[in-house]
Amino acid sequence: MRQDPIAVTGMGVISALGRGPDDTFTALQAQRTGLGPLSIFSSARWGHIPVGQVPSHFHIPSGDSRSMALACAGARDACLNAGLDELPSAEREKTAVVLGACTGGMLESEEFLRELLQVGQSDIRRLRHHTCANATESVARRLGLNGQRLTVSDACASGATAITMACEMIASGEESVALAGGVDTLTRLTLNGFCSLLVVADDGCRPFDAQRKGMSLGEGAAFLTLESRRHALARGARIHGYVAGWACSCDAYHPTAPDPSGDGAFRAMQGALAMAGRQPGDVNYVNAHGTGTIDNDLAEAAAIRRLFGERVPMVSSTKRFFGHALAAAGAIEAVVCLLAMRHQAVPANLGLRQVDERVAFRPVVAPSPASVDVAMSNSFGFGGTNCCLVFSRAT
Amino acid sequence: MPVDGAPSALVTIRGVGLVRPDGIASPLSLPAGIGAAECLAYQCKRLPIVECLPPVAVRRLDRLQLLMLTAAGLAVRDAGIQAGPSVGVFAGTALGSLGATVEFLENMICLDEREPKPAKFINSVHNAAASAIAIQLGCKGSNHTVTHDCVSLEMAFRRAAVALEAGRLEHTIVVGGDELNGYFVAATQQLGWWRTVSQPLSPLEDTGIWGSLPGEGAAAFVLEKPGRPTDGHRAAVIRSMQIGPPSARDSPAVDVDRQCRFLQDVCDEAGVSPAEIDLMLVGANGDELVDARYRSVTEAFSARVVGPMGLGCFKQLCGEFCTASGIGLATAVEMVRSGRVPAKIRPIVPPCRPAISNVLVYNIYPNGYHSAFWVSG
């Protein structure tokens, strides 16, 4: 691990399981899925498909887009959890906000276009939140954080790649602190889009299962507060764990399908582990990308087998809890890894009935007490983007 | 700051690829129900795809992918590098593939979700262009797309430079681009962004016209770490690149003192005196209000620290779009490479020295962000 490793001093998460790390962990332990009926918009054709929707009691402030509201809530929680509200103003000038986002204000933009096409006119103010950067700027402005503001859109790996970029900002000395994570909301675009690709399960995703039918969509936001250990200790912050290593790669294979050999995923996992100064045998838990699509699960399984050989550590995909929250997924699952280390408990691969024999290892089927000192989180996306984060436990 | 007072280099540019309109604006039809029926726009009519890609490889790609992939292909060819696991892609696009997104949504709404178009969905994701570049050129290193409004290209450039500095990659392809889209133009027309008179752009020429003209294009750069053992292949070096954050968001006035300090910081970081700027290439776009900001800053900076300084614009070549700064940067690289100002730039103030060695590319954005690249030969 680096001499001055990147410490995680704050966590914020909002998802289909609720708000905050405690609610999230309780639901994970109880094996309670967040998948349920879609209600934030109607869909004549796909409305029956279960999704991981943020509970309806979550308040969207008037004038905010759903994406903005989720991002601001998750970021505020991570900020408060880390005590950033007490940062002196000089430190706020060196505090970055790095956000992974794919859909931005698409939910509201869709409504603009629907009115325009069906009624013949629409209010262009509906478009004011369209860009992905809108949420990033809102988070930074509302929390008074004046370091770099960066929005990355690396498809379903965005939340994880945002964390890697924030880590690089700190490691390179560009910033002292960074709030990094991801956000995405359910939209008509993504629901229709993934359904048109025939990769959505109509009874909820079952990652790595022999009878899996595809993914489930979700939404949410999650953020980590990141800073160097030295900086965290100097200001007396509580350290939840460390981002010990990270790496990204690209399959350069197909616009949507993963390289079946898993080579790109393997290179990301290998690179992150090398940066962490760890061996495969040091890893206690892998939070798999595990979307539940046929191709993704097999490619990821191939990469895991190649890295770990016969000694595959505990593996689970938590997508049936949250749904696939796209750009938020990698950040939510980073929180899951940190919770696994904090509570020394690995969440189940919910929905698994019979493992696909081609996977050739057995994911965790029930929440399990375990010694978790090193956890790995995989995130992969359209375009063959791969990102792996390696976390180590705070000692 | 540089060591021993010598000029520093942030990154070396090995190759450049540029896809831009040919400097001629033509009518663009706009969708009904939002505003005007058409608007003059700078459109890329001919893409030099065949120069770098087989036709079969491009048939499923949408407009932004074609723009950015073509630029990247030209840059890689210019740089003479081999793609592989140590080549990463850092794309910057403010709005992504708007055309594919709108087509997917129009179809979804008009046909009530009955016949969705999966290919349009695939192309609608922001990183579709970066992905296409990786697939077509074989770049297996990290692949990122920055989408942060008008500074998307600059932020992608910065992340690429940091990745090189960290030793994670041998080369990075930085590509910035945005495509013209009727919905975007019509919506922003309502905000007064575009002129209503049919007159092409002549930035900083004091025409008194309000509004610019929309455009599109893509520029790509193959970067490598300075000091790396090299074969001598080099187009330019970036001595400094900075992004200034907004201060008073949405304020129409520009803080001249703050902007002059920003430009001075860029020179200081480069380890070069402002007097060595041969030409400042600015993002003035022909809108009287926007041009006035550039005029006030460049006049003050010239008077305070530089002395006589060449001044030119580039948006008469490509129109206005979010990542147009890439066109300016590519133009600057070509200038320091050839040592001369191309006729199409038509400097407002001619450079003092006959040979161009140092160009400062400077942009101010409506949301308060500003950026500058110091480009040297």
Side-chain angles (χ1 to χ4, degrees), chain A residues 43-46 101-102 104 106 109-110 113-114 116-118 120-122 124 127 130-133 136-137 141 146 148-155 161 165 168-169 171-172 174 188-189 192-197 247-256 264 267 271 381-385 387, chain B residues 31-34 60 83 85 88-89 94-96 101-102 104-106 108-110 112-114 116-118 120-128 130-132 134-135 137-149 152 155 158-159 162-163 165-166 168 183 187 190-191 243 245 249 367:
Chain A
S43 169
R45 185 165 177 192
W46 317 108
C102 293
M106 183 56 70
S109 300
E110 290 168 347
L113 194 60
R114 189 194 62 75
L116 188 68
L117 295 172
Q118 295 182 342
Q121 59 181 22
S122 192
I124 66 161
L127 298 176
H130 177 79
T131 68
C132 295
T136 318
E137 291 286 340
R141 215 168 38 243
N146 298 320
Q148 291 182 63
R149 300 161 184 185
L150 175 67
T151 313
V152 290
S153 196
D154 295 341
T161 58
M165 289 191 182
E168 285 185 350
M169 286 178 182
S172 66
E174 294 171 76
R188 298 166 187 85
L189 172 76
N192 277 268
F194 282 108
C195 286
S196 74
L197 294 173
C248 300
S249 69
C250 185
D251 287 356
Y253 175 78
H254 187 271
T256 56
R267 285 185 286 113
F382 270 14
T385 56
C387 182
Chain B
I34 309 179
R60 284 178 176 268
V89 178
L95 295 165
T101 308
V102 166
F104 185 87
L105 291 175
E106 281 179 336
M108 179 187 85
I109 292 165
C110 295
D112 201 18
E113 303 183 322
R114 287 192 301 275
K117 296 180 173 178
K120 293 298 172 192
F121 175 63
I122 292 166
N123 287 339
S124 76
V125 297
H126 275 82
N127 72 331
S131 159
I135 293 168
L137 304 182
C139 305
K140 295 193 170 190
S142 51
N143 187 290
H144 301 296
T145 297
V146 173
T147 175
H148 204 95
D149 297 344
S152 299
M155 288 185 173
R158 176 187 272 171
R159 298 329 309 163
V162 170
E165 179 62 33
R168 287 200 290 110
Y183 281 99
Q190 298 292 299
L191 303 175
I243 303 166
R249 199 176 163 91
N367 59 5

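Quantities reported herein were computed from a predicted structural model and do not represent experimental measurements. Letters go in sequence order (proteins before strands), and every chain restarts at 1.
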Visitor: Taking A/Gly193, A/Pro255, A/Gly271, A/Gly120 one by one, which has the highest count of heavy-atom pairs under 4.5 Å against chain B?
Guide: A/Gly193
Visitor: Need one label for A/Arg188: side chain, backbone, both or neither, based on atoms under 4.5 Å from any heavy atom in chain B.
Guide: both
Visitor: Are the side chains of B/Cys110 and A/Gln118 in contact, using a 4.5 Å heavy-atom criterion?
Guide: no
Visitor: With the side chain counted from C-beta on, respond yes when A/Cys132 and B/His126 share a heavy-atom pair under 4.5 Å apart, and no when they do not.
Guide: yes
Visitor: Below 4.5 Å from any heavy atom of chain B, which atoms of A/Ser109 appear? Answer side chain, backbone, both or neither.
Guide: neither
Visitor: Where do A/Ser153 and B/Asn127 come nearest, in terms of heavy atoms and distance?
Guide: O-CB, 3.4 Å
Visitor: Would you check, one step at a time, whether the test side-chain hydrogen bond (donor to acceptor under 3.5 Å, both in side chains) holds for A/Ser172 with B/Glu165?
Guide: CA-CA 9 Å; A/Ser172 66; B/Glu165 179 62 33; over 6 Å; no
Visitor: side-chain contact (heavy atoms from CB on, under 4.5 Å), that's the test. Do A/Asn192 and B/Leu105 meet it? Break it down for me.
Guide: CA-CA 9 Å; A/Asn192 277 268; B/Leu105 291 175; over 6 Å; no
Visitor: Could you walk me through whether A/Val152 and B/Thr145 pass the side-chain contact (heavy atoms from CB on, under 4.5 Å) test, one step at a time?
Guide: CA-CA 6 Å; A/Val152 290; B/Thr145 297; over 6 Å; no
Visitor: Identify the two heavy atoms, one from A/Ala252 and one from B/Cys139, that lie closest to each other, and give their separation to 0.1 Å.
Guide: CB-O, 3.8 Å
Visitor: Test your reading of the model: is there a side-chain donor-acceptor pair from B/Glu113 to the backbone of A/Ala44, 3.5 Å cut-off?
Guide: yes
Visitor: Less than 4.0 Å between a side-chain N and a carboxylate O, is that true for A/Glu168 and B/Arg158?
Guide: no
Visitor: Between B/Met155, B/Met108, B/Lys140, which residue shows the highest count of heavy-atom pairs closer than 4.5 Å to chain A?
Guide: B/Lys140
Visitor: Under a 4.5 Å cutoff for heavy-atom pairs, which residue among A/Asp154, A/Asp251, A/Leu150 has the most contacts with chain B?
Guide: A/Asp154
Visitor: With side-chain contact (heavy atoms from CB on, under 4.5 Å) as the test, would you mind laying out the steps for A/Gln148 and B/His148 before giving the verdict?
Guide: CA-CA 11 Å; A/Gln148 291 182 63; B/His148 204 95; over 6 Å; no
Visitor: Find the distance between CD1 (B/Ile135) and OH (A/Tyr253) and round it off to the nearest 0.5 Å.
Guide: 10.0 Å
Visitor: Please report the interatomic distance SG(A/Cys195) to CZ(B/Phe121), rounded to the nearest 0.5 Å.
Guide: 9.5 Å
Visitor: Restricting to non-hydrogen atoms, name the atom on A/Ile124 and the atom on B/Ala187 that form the minimum distance, rounded to 0.1 Å.
Guide: CD1-O, 3.7 Å
Visitor: Using a cut-off of under 4.5 Å on heavy-atom pairs, state which of A/Gly383, A/Gly264, A/Cys250 scores highest against chain B.
Guide: A/Cys250
Visitor: Counting C-beta onward and ignoring hydrogens, is there a side-chain heavy-atom pair between B/Thr147 and A/Thr131 closer than 4.5 Å?
Guide: no
Visitor: Top residue by heavy-atom pair count (under 4.5 Å) with chain B, among A/Met106, A/His254, A/Gln121?
Guide: A/His254
Visitor: Passes side-chain contact (heavy atoms from CB on, under 4.5 Å), B/Val146 versus A/Thr151? Steps please.
Guide: CA-CA 6 Å; B/Val146 173; A/Thr151 313; 5.9 Å; no
Visitor: Report yes if the side chains of A/Leu189 and B/Phe104 come closer than 4.5 Å at any heavy-atom pair, otherwise no.
Guide: yes
Visitor: Which region of B/Ala166, side chain (C-beta onward) or backbone (N, CA, C, O), has a non-hydrogen atom less than 4.5 Å from a non-hydrogen atom of chain A, or is it both or neither?
Guide: neither
Visitor: Heavy-atom count around B/Arg60 CZ within 6.0 Å, excluding the residue itself: above 12?
Guide: no
Visitor: Tell me, side chain or backbone of A/Thr136 under 4.5 Å from chain B's heavy atoms, or both, or neither?
Guide: side chain
Visitor: As an exercise, state the distance from CG of A/Leu116 to OH of B/Tyr183, rounded to the nearest 0.5 Å.
Guide: 5.5 Å
Visitor: Rounded to the nearest 0.5 Å, what separates atom CG in B/Asp149 from atom CZ in A/Arg149?
Guide: 11.5 Å
Visitor: Let me see the working for B/Asn143 and A/Thr385 under side-chain hydrogen bond (donor to acceptor under 3.5 Å, both in side chains), right down to the final yes or no.
Guide: CA-CA 6 Å; B/Asn143 187 290; A/Thr385 56; over 6 Å; no
Visitor: A/Arg114 side chain to B/Ile109 main-chain N or O, any donor-acceptor pair under 3.5 Å?
Guide: no
Visitor: Where is the tightest heavy-atom contact between A/Phe382 and B/Val125, given as atom of each residue plus distance?
Guide: CD2-CG1, 3.9 Å
Visitor: Which one wins on heavy-atom pair count under 4.5 Å against chain B: A/Gly104, A/Ala101, A/Cys248?
Guide: A/Cys248
